[in-house]
Each structure stands twice: as structure tokens, then as C-alpha cells.
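One structure is given below, encoded as C-alpha cells.
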Amino acid sequence: RLHGEEGFEAMRKACLLTAQALDLVAPMVKNGTTTNEIDQMLYEYGMDNNAIPATLNYRGYTKSCCTSINHVVCHGIPNDKPLREGDIVNVDVTYVLDGWHGDSSRMYPVGEIKRSAERLMEVTHESLMRGIAAVKPGVKLGAIGAAIQEFAEAERCSVVRDFCGHGIGQLFHDAPNVLHYGRVSEGPELRKGMIFTIEPMINLGRPHVKVLADGWTAVTRDRSLSAQYEHTIGVTDDGCEIFTLSPNGLDRPGLSS
Ligand SMILES: CCc1ccsc1-c1ccc(O)c(O)c1
Ligand SMILES: [Mn+2]
Ligand SMILES: [Mn+2]
């Protein structure tokens, strides 16, 4: 589906709320905080801003966000376990504001983390930005995945294949599926007005994933560390607009430069 200026304007508002919420998460991520406390804050922040989390009651999921720690690839369920020094955690939230969805996630370090964990977060964020840099009208969708895969694998990391980005707007998930690997020449042509997420999951070890008995939590099969960043973007005349950028420069908390 192609959106016009009205859709872009509505997405700017929904995505700004999501970006501001992820800014508010940063000071909460410390030794002893539980992921349920982060979930509760995100629920209340939505209520205070006339927005509801898209994940609430989505396919039976009952929390306002996903919190994925260390070797959890995605869809980690908030719980009462405290975060621990050295953890890396992805917080993924989608607010629905006036019917429009803003979907984004970032990585947060808990205190001092290993250099290998910091490098993984940097590689994952840069992979997302390389994918975003490939977006402009006239290129095929595959250019996004090719850019992500090329960079991540050159950094000796692997790309998770089991989950992808997605079209988004007044629906949480729409066409197209946005793969985080693949070939430049593959897929439909990108056109001005398309709105979708790019949300690469990058592992220090092998790409393989398994889902735990809770039916949601996806973990690396080899228990290696995994990281993810997600932005919602719109295709413009000459490239794209990133709707979920932090208004306070907090897109990559705990990372230098
Ligand atoms: C828990 C939410 C959920 C359930 C099935 S897929 C999914 C999900 C989570 C984060 C996302 O960014 C997304 O696009 C979907
Ligand atoms: Mn998300
Ligand atoms: Mn998403």
C-alpha cells in the first residue's frame, strides 16, 4: 500500500511517541530493575498519551512490549526477574496512536558489558543503518537484506532468518515481508509512500533459532549473544524518512561516538 502526506504525518506522531518511550527506558535499565517494571512504565506511558501498545492481546500476547536479554533473539516476555550487570537487553514497543502504528526497538546495556557484547550491538545497529541507507524508489526490496547481510557477515556475525520486518501503518503487520538477508535484484520495487520496518537480529554465533515452550521466546540454538534494532521508515522521493529516530540522540544507548 502507498501512503501520502497524511499517512506520513500520522506515522510521524505515532513513531515519535514510540521513540520518546524508548528514551524513557534508558535510565530504567540497571542492575535490579525487572522487565515487568519496564513493561508497566510503557503501558502507563501509552495510557497517558492516548495510545495503546499493539502487542496487548496480539495473538494472545499479554504484555505491552518485548524484552529480549542476551541470547534471546526476540519476543522475550517481560517478567519479575531482575536485570543483571553485564546483560544486554532489547526493548521492543509498538504504540497505536489514532489508529497508526509506531514500531521500534533498541538495545540497552546493564552497567559494564563485555567488549564482544558491545561490538555485537554496534554491528547490529550499523547493519540496520546500512539497510536503511539502501532504501530509495526504484531499488528492489532485496537491496535492504543484501546490505544488512553483507555488512553483518563481513563482521563475522550471522543474520537470523526466522523473523523479518514488515509493512506497517494502520495495520501492525502488512505486506511486504522485509528480509534481513538476500540478493539486491530480488523482490518488489520500492516506491515512494511505502512504509515498513527494518528490524535485523544479528548473532555472534550461528544464525539458528528455537522457540521455547512458552511459545514466544526465541533463543539462539547455540546460546550465543543476539542483538536487534528496529526502525519504522517511509520511502520518499530520494530515499527514506526514519520515523522512529530518538528526538534526543538516544538511538544507541551505551555505545560511543
Ligand atoms: C509479541 C508481539 C509479537 C507477537 C508475534 S510477532 C510479534 C512482534 C514483536 C515485535 C515486532 O517488532 C513485531 O513486528 C512483531
Ligand atoms: Mn517491534
Ligand atoms: Mn516489527
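This structure is a prediction, so every number in the text was calculated from the model and none was measured. Remember, it's 1-based here, ligands and their atoms both numbered in the order they're listed.
Seen from the Mn ion (ligand 2), atom OD1 on Asp103 and atom OD2 on Asp92 lie at an angle near 160° (rounded to 10 degrees).
Put simply, His166 gets within reach of the Mn ion (ligand 3), with an N, O or S atom under 2.8 Å from it. Distances from the Mn ion (ligand 3) show that Glu199 has an N/O/S atom below 2.8 Å.
Judged by a 6.0 Å distance limit and a 45° cone about the ring axis, Arg252 is not positioned over the six-membered ring of Tyr229.
Less than 4.0 angstrom separates some heavy atom of Glu230 from each of these atoms of ligand 1: 12 (O). Residue Cys66 has at least one heavy-atom neighbour below 4.0 Å for each of these atoms of ligand 1: 1 (C). For ligand 1, the atoms lying closer than 4.0 Å to a non-hydrogen atom of Thr55 are 2 (C).
Residue Lys63 places every heavy atom at 4.0 Å or more from ligand 1. The closest approach between any non-hydrogen atom of Phe163 and ligand 1 is not below 4.0 Å.
The closest side-chain donor-acceptor pair between His71 and Thr220, if any, does not fall under 3.5 angstrom.
Side-chain contact between Lys63 and Trp216 is absent, with no heavy atoms from C-beta onward closer than 4.5 Å.
The Mn ion (ligand 3) is closest to atom OE2 of Glu230 (considering only N, O or S atoms).
Looking at Asp103 next to ligand 1, an N or O pair under 3.5 Å apart turns up.
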